[in-house]
Amino acid sequence: MNSQSFSNFTAAERFESLKAGILAGFCVGLSHLVLSGVNLWVGDTPVNVLFSTPLAGLSGFLFGVTYRYIIRGDNNPQLKLGGIFAFGLVRALAEIEVLLHIPTPLEQIIWLGGESLLLFGIAGLILDKALQKHWVKPFN
């Protein structure tokens, strides 16, 4: 049996996933950098931007690749929101778990959850626009 006959994962599909990942990674990384600046300015809370921004960008890259496969050609808002919430909640809950071991104000915990959802929400919106404009092709 030929393995190519049932696989949709061609080089062109992988390239489109790479484009989606790079776009989402850039969006999440840049958004995280901006939100870290706002957090430092408003909350006067130091953030290790040199460490956390590349990690956010990497999470965004993985989100972009996965999001393209999640939504495929569908226009289902529940699938889109499900992908955004899945990545946002996993990132937020991991950060909150670390903070539970040290005394942390409740508003900082809420901020982290909201920030993670916002980061992936922005990336999801930009990926949707890129898919609409055919800068990135949906997975078929």
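Residues Leu23 and Cys27 have side chains in contact (heavy-atom distance under 4.5 Å, counting atoms from C-beta outward). The shortest distance between side-chain heavy atoms of Gln78 and Leu81 does not fall below 4.5 Å. Phe61 places a side-chain heavy atom less than 4.5 Å from the side chain of Leu18. Considering only heavy atoms from C-beta on, Arg91 comes within 4.5 Å of Leu119 through its side chain. In this structure, Leu55 and His32 have side chains that are not in contact, with every pair of non-hydrogen atoms separated by 4.5 Å or more. Using a 4.5 Å heavy-atom cutoff, the side chains of Val90 and Phe120 are not in contact.
Checked against ring-ring contact (aromatic ring centres under 6.0 Å, His included), Tyr67 has the following partners two or more places apart in sequence or in another chain: Phe63.
Residues Ala92 and Gly113 share a closest heavy-atom pair of CB-CA, 3.6 Å. Closest approach of Ala24 and Gly60 over heavy atoms only: CB-O, 3.2 Å. Residue Trp135 comes nearest to Lys19 through the heavy atom pair O-NZ, 2.9 Å, listed as atom of the first residue, atom of the second, then distance. Counting all heavy atoms, side chain and backbone alike, Gly57 lies closest to Val28 at N-CG1, 4.5 Å. The shortest heavy-atom contact between Gly124 and Ile84 is CA-CD1, 4.2 Å.
Taken together through direct or relayed side-chain contacts under 4.5 Å among Ile, Leu, Val, Met, Phe, Trp and Tyr, Trp111 and Ile122 form part of one hydrophobic cluster. By the criterion of side-chain heavy atoms lying less than 4.5 angstrom apart, applied directly or through intervening Ile, Leu, Val, Met, Phe, Trp or Tyr residues, Phe15 is not grouped with Phe26; the two fall into different hydrophobic clusters. Each of Leu118 and Leu30 belongs to its own hydrophobic cluster when Ile, Leu, Val, Met, Phe, Trp and Tyr are linked at side-chain heavy-atom distances under 4.5 angstrom. Cluster membership for Ile102 and Leu112, using ILVMFWY side-chain heavy atoms within less than 4.5 angstrom, is shared. Under the 4.5 Å side-chain heavy-atom criterion for Ile, Leu, Val, Met, Phe, Trp and Tyr, Phe139 and Ile22 are members of the same hydrophobic cluster.
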Can you list the steps and then say if Arg68 with Ser17 is a side-chain hydrogen bond (donor to acceptor under 3.5 Å, both in side chains)?
-> CA-CA 7 Å; Arg68 181 174 175 266; Ser17 295; 2.8 Å; yes
Could you walk me through whether Ile71 and Asp128 pass the side-chain contact (heavy atoms from CB on, under 4.5 Å) test, one step at a time?
-> CA-CA 10 Å; Ile71 62 168; Asp128 284 340; 4.0 Å; yes
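Distance check: Arg72 CZ to Leu131 CG gives 13.5 Å after rounding to the nearest 0.5 Å. Summarising the geometry, atom NZ belonging to Lys80 is positioned 12.0 Å from atom CD1 belonging to Ile70; distances are rounded to the nearest 0.5 Å. The CD atom of Glu115 sits 9.5 Å away from the OG atom of Ser31 when rounded to the nearest 0.5 Å. Between the CD atom in Glu13 and the OG1 atom in Thr10 there is a gap of 4.5 Å [rounded to 0.5 Å].
Within a 6.0 Å radius of OH in Tyr69, more than 12 heavy atoms belonging to other residues, nucleotides or ligands are found.
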